[in-house]
Each structure stands twice: as structure tokens, then as C-alpha cells.
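To keep things clear, I will list the structure first and then write my remarks on it.
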Amino acid sequence: MTWGGRRALAGWLLIAPALVVILAIVGWPLIQTVRISFTDANLIGGEEHWVGLANYARALGSRDFLGALRTTVLFTLVTVSAEIVIGVLVALMLDQPLHGRRFFRALLVLPWAMPTVINAMSWRLIYNPDFGALNALLTQVGILSSYRSWLGDPATALWAVAVADIWKTFPLVSMIVLAALQTVPREQIEAAHIDGANAWRRFQVVILPAIAGPLLVAAVLRTIEVMKVFDIIYVMTRGGPVNSTRTLSMQVYQEAFASLRAGSGASQGLLVLLFTTVLIAAYLKIVKRRAPA
Amino acid sequence: MKPSRLASIALHLAAVAFAAVILAPIAWMVLLSVSSTKDLTTLPFRWIPAELDLSRYAELIHYADNTRGKAFLLALRNTITVAAGTTAVALVCAVPAAWSFSRFRGRQSPLLGVVIAIYMMPATAIVVPLYRILSGAGLLNTPIGLILVDCTLVLPFAIWLMKSNFDAVPSEIEEAAFVDGAGVLKTLWLVTLPMVRPALATTALFAILNVWDEFLYAFIFTSDSRAQTLVVTIANLASGRESDYGLLATAGLLTALPPILIGIVLQRTLVSGLAQGGIKG
């Protein structure tokens, strides 16, 4: 065999184990999801009938599914934009001459490494309507006259969960921006200073171009992640009160595993995949452009 | 460029406020974990506990029948088993695949995009058949079942991370080994891997972190202490009727400790990886 031929064969043989595993645990299940989504399959078995597009039609006409879609989009918009704004501001702050800068920067890793479920639980304890820190603090300084149920009120629940999510994820954005800021030559900032550019102008002309690329990657990545959100919601509210925090993943879970409607759940899971595919395609495009392989 | 004194004071105040926001939820858990139940349930709340109560820590790390310590330690055992198993399977498959993507450019190369796409795919797209497959194979509520499905998250990620690390290592030495007649696997094992040892460790740590944090699969595919992981056990307690908030906080802190230690170790790599836009949150 020629050297080139041997190389090509080796290339394939080396990815074979990974390929087999991925086909078995992702490829095959994905095909099954498509098949099941056209049936009235029950999760625990029994007879299955072909129902065509009925599951899809029902999902797109159902208030539960559309409500979950709306909640997910709202939650995503709020958390991702807050993360970007806070993340950039904190990164700019930590890039300044600051005593103990290493310590402050090191703090960023704590929320990132904190398991999501533990973060959700700690905020649940902070929001606790009887003995939580937030109620204790706000009543003691006189802002609140009596304890409130932050997670039990449909008007505040989603916002309360969003705060917990932002706390966990803005440090990642800060770390990304800080890393990008290290590539900006100091002289450029100084030069802009001497030219009399004000802070906002300096940010626009010198800093923004340097961080725009990484920031875009971060925004798309975070959007993909948040579209899938499940754990933080489950632990903090289980989708309640009155479904005010029920996201798409929560909805699919309830349809397939609580109501046992596997066929309908599969169709909704694929719709979620469809919504995120656009974002994933955008992400791949950005990454390819930034790192030509 | 020296900022004015006033600007410097404002800057430091902002930094302290930032530190307070980061540390507050963790401090609240620490406070809950060491306060007596009486202190926690007395209103108005007193921020400094009257006595230091470490009994919950003792309870959770003590293994005895029908205690919460047993439940915690079994969940810890399951978490470690699943994390170690998934990391091992993922690395064994990912290393040769990543090397192939990095060095053997050919018709398999476009598959890297597929791998990345899979990594971002919502689990909800495959969770229903995975349940039926595990159920059919008798693997529901077992660590092995969880190891298999967690590979859907960890394997694509490991391939990606290792590929970028291989890309950063010059290939001349490998080429020389090929020319000298060393086989492909021998070259990988003896020449390439020693050069990327730190990257292997980093990838393993990221994998452990991922599995430690994984909730959806562990929540749906397990039902009791035979396979339930720490985060599932804690989630069930926290969103259920557990009224000993101090105990919840203690379990949460102990569960968060290993990932936070790993996070501190990974910080440097994380920052350089983020600069290239390759690591997710």
C-alpha cells in the first residue's frame, strides 16, 4: 500500500472507536427519536401506531409548548444580555490597576466551577420565604415590610431564577473578555488617551474591536446552553408557580417522562433541536472563520 | 497612565462590591451549615450564630444504616464511579480520534464539525430513545448506564479539546518516527502522548467536572442510591420537603468542594483556552 493510502486508512482507524460509540449513543438514538416522534408511543411500551405529523401539529398548537418556548426565549434574552453587559464591565474593572487584582480575578472561577444544582440550591436557600437571607436583609434594612415568596410568586419567579443563572455565568464572560483584553497593546490605549479620547470613545475604538470576536463566540455559546436550561429551573421551581418558569427542556421532560407520552415528547425534543440548530450552525461558522483548519 | 486618587478609590470600592457578590451565596451556605437549627429559624434573623454547630458535617461523612450520611456517601461513591468511568472511556476513544483529526487530514476531517455539533445538541433530542435503550438493556439505575450516556457529552468535548492541543504540538518529530518505520499506534503512544501529557490531565479534569455537574441524564435514568449521583440526591432534597436547610447547605458545600478545587487548578488553562474561543461554560 502507498504511504498516502496507509495514512488515509490510519486516519479512519484512529477515529473508529469514537465513531462507533457516537453512532451507538447519539446517531442511533437520534434516528429513533425521529421515528418515535411520528408515533403515539408510550414511554413504557405497549402498542405504537403511526400518527404522521400529529404530534408536531399538536405541539405547535399547544399552549404548554408555546408557553415554554416563550419562557425559554425570554429567559435566554434576559440572562445572556445581562451576562454580556455585567461580564464586560467586570472584566474592564479587573483590567485596571488594582490592589489584589490576582485575588479578584481568581474569584471568577468560583461560580464557573460551582455545580449548577448546588448554585440553584444555594439561591433557593437565599430566596427562602421563611428564613432566607434576602428577606432577612431587605426587612432589616427597611426596604421590605414583610417576608416575600420570591420563587412562589409567578411575577418574580423567573427573574429570581435568572439572577441565580447570571451569577453563575457572567464570570465566564469576564474571563473570556479578560483573556481578549490581554491582546490589546497598552500603547494603543495610552495613545488614545493622549489623543484626548474619552472613556467611551476609547472603549469603542480600541477595546471593542479586540473583544468583539471572542464576545460573539461567548454570546452564541451561552445562547445555545441557555436554550437547553433544565437543572437550575428544576431545583429552584420545578417549572412553577403556575408554569411561569417552565422552559422547553422542562416541557419535554414532563411530556415524555411525567405524562409518559414518548411520541409527543420526542417530537417536542426534535423541535427544540430544530430551534438550536440555527445557533449551532452560526457557532460552527464563526469558529471556522476564526481558526481556519 | 495613573488614574486620579478618586477614580482609584471608586475602582477599589467596585472591586470589593464584586467580591461580595461572588462570595455572598457561598458565605450564606457556610453560615447555614454551621448554625444550629434554632438560630436559623429565629426571627428576626441574627447574622452571627450564637453557637458553632458542626454536627451536620459529622453526620454526612459518617456511614451508618438509615442515616443521611449513608445516602450522601453512596451518592458520592456513584458520582466518583461515573466520573472515573466516563473519563476513562471518553479519553480512550477521544485521543486517537483527536490525533486523527489533527494529523491525518483526509476524508474523515469534516466529521469534526459533526462532533462539535453533537456536543452542543440539546439532550432532549435523544433522551427518550436513550431511556428505552437503557431500559431494554437493563441499565437503568446503574452507574454503567450513566457512564454510557454521559459519553454523549464528554466524548465530543474531549475530542475537540485534545485536537486543539495536538494542533499546538509540532509534528516534525512524529514524521521522523514514521519515516523510521514506527507504526502509527507506536508513534502515538511513544512520541506524541508524552508531549501532550499536561493536556491529557486537563482534558480528564474537564471531563470529571462535566460529569460531576451533569443533571438531566442522571436525574431521568436513576431512581435510587444504587446509581443516583450527588447533584440528583441534593436536587431531590432541595426541591422536596427537606426542612433542615443547614443540612442541605452542608451537603451542597461538600459536593461543590471537589469541582471548585479542580476549577482553581484549571484556571490558567481555562483562560488561555477561552482566548481561542474553544471552551464552553
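All figures in this text were calculated on a predicted structure; none of them were measured in a lab. Side chains included, hydrogens not; waters and symmetry mates left out as well; all remaining heavy atoms used. Every chain is numbered from 1 and lettered A, B, ... according to where its sequence line falls, protein lines coming before strand lines.
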>> Between A:Thr276 and B:Met121, is there a side-chain heavy-atom distance shorter than 4.5 Å?
In response: no
> How long is the span from the CG atom in A:Leu98 to the OG atom in B:Ser8, to the nearest 0.5 Å?
Replying inline: 8.0 Å
> Under a 4.5 Å heavy-atom cut-off, does chain A meet the side chain of B:Val127, its backbone, both or neither?
Replying inline: both
> Side chain, backbone, both or neither: which part of B:Leu111 has an atom under 4.5 Å from a heavy atom of chain A?
Replying inline: side chain
>> Under a 4.5 Å cutoff for heavy-atom pairs, which residue among A:Val272, A:Leu274, A:Leu270, A:Val173 has the most contacts with chain B?
In response: A:Val272
>> If I measure from the heavy atoms of chain A, does B:Ile260 come under 4.5 Å with its side chain, its backbone, both, or neither?
In response: both
>> Any heavy-atom pair between the side chains of A:Ile118 and B:Ile234 that's under 4.5 Å?
In response: yes
> Given that the side chain runs from C-beta out, which part of A:Ala164 has a heavy atom under 4.5 Å from chain B: side chain, backbone, both or neither?
Replying inline: neither
>> Donor-acceptor pair, distance only, cut-off 3.5 Å: does the side chain of B:Trp28 make one with the backbone of A:Gly132?
In response: no
> Is chain A contacted by the side chain of B:Ile159, its backbone, both, or neither, given a heavy-atom distance below 4.5 Å?
Replying inline: side chain
>> With a 4.5 angstrom heavy-atom cut-off, is it the side chain or the backbone of A:Leu19 that approaches chain B, or both, or neither?
In response: side chain
> Heavy-atom distance under 4.5 Å to chain A: side chain of B:Leu155, backbone, both or neither?
Replying inline: side chain
> Under 4.5 Å between any side-chain heavy atoms of A:Gln32 and B:Val128, yes or no?
Replying inline: no
> Roughly how far, to the nearest 0.5 Å, is the CE atom of B:Met29 from the CE atom of A:Met121?
Replying inline: 5.0 Å
>> For chain B, which candidate among A:Phe230, A:Phe103, A:Trp123 shows the most heavy-atom pairs at distances under 4.5 Å?
In response: A:Phe230
> Quick one: of B:Pro122, B:Cys151, B:Ala14, B:Ala24, who has the most non-hydrogen atom pairs under 4.5 Å with chain A?
Replying inline: B:Pro122
> B:Arg132 and A:Ile36: side chain to side chain contact (heavy atoms under 4.5 Å, CB included), yes or no, with the steps?
Replying inline: CA-CA 11 Å; B:Arg132 297 177 136 203; A:Ile36 296 170; 3.7 Å; yes
> Where is the tightest heavy-atom contact between B:Ala238 and A:Arg124, given as atom of each residue plus distance?
Replying inline: O-NE, 2.9 Å
> Non-hydrogen atoms of chain B under 4.5 Å away: do they reach the side chain of A:Arg101, the backbone, both or neither?
Replying inline: neither
> To the nearest 0.5 Å, what is the distance between OG (B:Ser33) and CG (A:Leu125)?
Replying inline: 11.0 Å
> How far apart are the C-alpha atoms of B:Leu11 and A:Met93, what are their side-chain angles, what is the distance that settles it, and do they pass the side chain to side chain contact (heavy atoms under 4.5 Å, CB included) test?
Replying inline: CA-CA 7 Å; B:Leu11 184 68; A:Met93 177 188 81; 3.8 Å; yes
> Between the side chain of B:His12 and the main-chain N/O of A:His99, is any donor-acceptor distance below 3.5 Å?
Replying inline: yes
> Tell me, side chain or backbone of B:Ile26 under 4.5 Å from chain A's heavy atoms, or both, or neither?
Replying inline: side chain
> Shortest non-hydrogen contact from B:Val184 to A:Ala10?
Replying inline: CG2-CB, 3.9 Å
>> A side-chain contact here means heavy atoms from C-beta on lying under 4.5 Å apart; do A:Pro111 and B:Ile22 qualify?
In response: yes
>> Within this structure, what is the CD1-SG distance for the pair A:Ile22 and B:Cys93, rounded to the nearest 0.5 Å?
In response: 8.5 Å
> Do you know which two heavy atoms are closest between A:Phe104 and B:Ala15, and how far apart they sit?
Replying inline: CE2-O, 3.3 Å
>> Using heavy-atom distances under 4.5 Å, tell me whether A:Leu13 contacts chain B through its side chain, its backbone, both, or neither.
In response: neither
>> Can you tell me which portion of B:Leu32 sits under 4.5 Å from chain A's heavy atoms? Options are side chain, backbone, both or neither.
In response: side chain
> Looking at A:Val235, A:Thr169, A:Val252, A:Ile126, which has the largest count of heavy-atom pairs under 4.5 Å with chain B?
Replying inline: A:Ile126
>> Working to the nearest 0.5 angstrom, can you tell me the gap between A:Ile224 CD1 and B:Met120 CE?
In response: 4.5 Å
>> Can you tell me which portion of A:Val90 sits under 4.5 Å from chain B's heavy atoms? Options are side chain, backbone, both or neither.
In response: side chain
>> To the closest 0.5 Å, what do you measure between CH2 (A:Trp28) and CG (B:Leu130)?
In response: 12.5 Å
> Can you check whether B:Phe104 reaches A:Trp12 side chain to side chain, under 4.5 Å on heavy atoms?
Replying inline: no
>> Which atoms of B:Leu230 are under 4.5 Å from chain A, going by heavy atoms: the side chain, the backbone, both sets, or neither?
In response: neither
> Is it true that a side-chain atom of A:Lys228 and a backbone atom of B:Thr124 form a donor plus acceptor pair closer than 3.5 Å?
Replying inline: no
> Can you name the nearest heavy-atom pair linking B:Ser100 to A:Gly11, along with the distance?
Replying inline: OG-O, 2.7 Å
>> Only pairs of heavy atoms separated by less than 4.5 Å count here; which of B:Leu209, B:Val149, B:Ile220, B:Ile133 has the most with chain A?
In response: B:Ile220
> When only pairs under 4.5 Å are counted, which of A:Pro29, A:Ala24, A:Gly269, A:Ala16 shares the most heavy-atom pairs with chain B?
Replying inline: A:Pro29
> Are the side chain of B:Asp213 and the backbone N or O of A:Thr116 linked by a donor-acceptor pair below 3.5 Å?
Replying inline: yes
> Is the A:Phe131 ring parallel, tilted or perpendicular to the B:Tyr245 ring (thresholds 30°, 60°)?
Replying inline: tilted
> Which of the residues A:Tyr253, A:Tyr147, A:Phe275 is involved in the greatest number of heavy-atom pairs with chain B at under 4.5 angstrom?
Replying inline: A:Tyr253
>> Quick check: do A:Val117 and B:Trp212 have side-chain heavy atoms less than 4.5 Å from each other?
In response: no
> Do the side chain of B:Thr152 and the main chain of A:Ile25 share a donor and acceptor less than 3.5 angstrom apart?
Replying inline: no
> Using the ring of each side chain (for Trp, its six-membered ring), is A:Phe170 parallel, tilted or perpendicular to B:Phe18, with breaks at 30° and 60°?
Replying inline: perpendicular
>> Can you tell me which of A:Leu43, A:Thr139, A:Leu271 forms the most heavy-atom pairs within a distance under 4.5 Å of chain B?
In response: A:Leu43
> What's the shortest heavy-atom distance between B:Ala256 and A:Met114, and which atoms?
Replying inline: CB-SD, 3.7 Å
>> Checking side chain to side chain contact (heavy atoms under 4.5 Å, CB included) between A:Val26 and each of B:Ile118, B:Val114, B:Val115, which is the one that passes?
In response: B:Ile118
> Taking all non-hydrogen atoms of both residues, which atom of A:Thr33 and which atom of B:Ala125 are closest, and how far apart?
Replying inline: OG1-O, 2.8 Å
> Quick one: what part of A:Asn119 sits under 4.5 Å from any heavy atom of chain B, side chain, backbone, both or neither?
Replying inline: neither
> Would a 4.5 Å heavy-atom cut-off, applied to side chains only, mark B:Asn236 and A:Tyr234 as touching?
Replying inline: yes
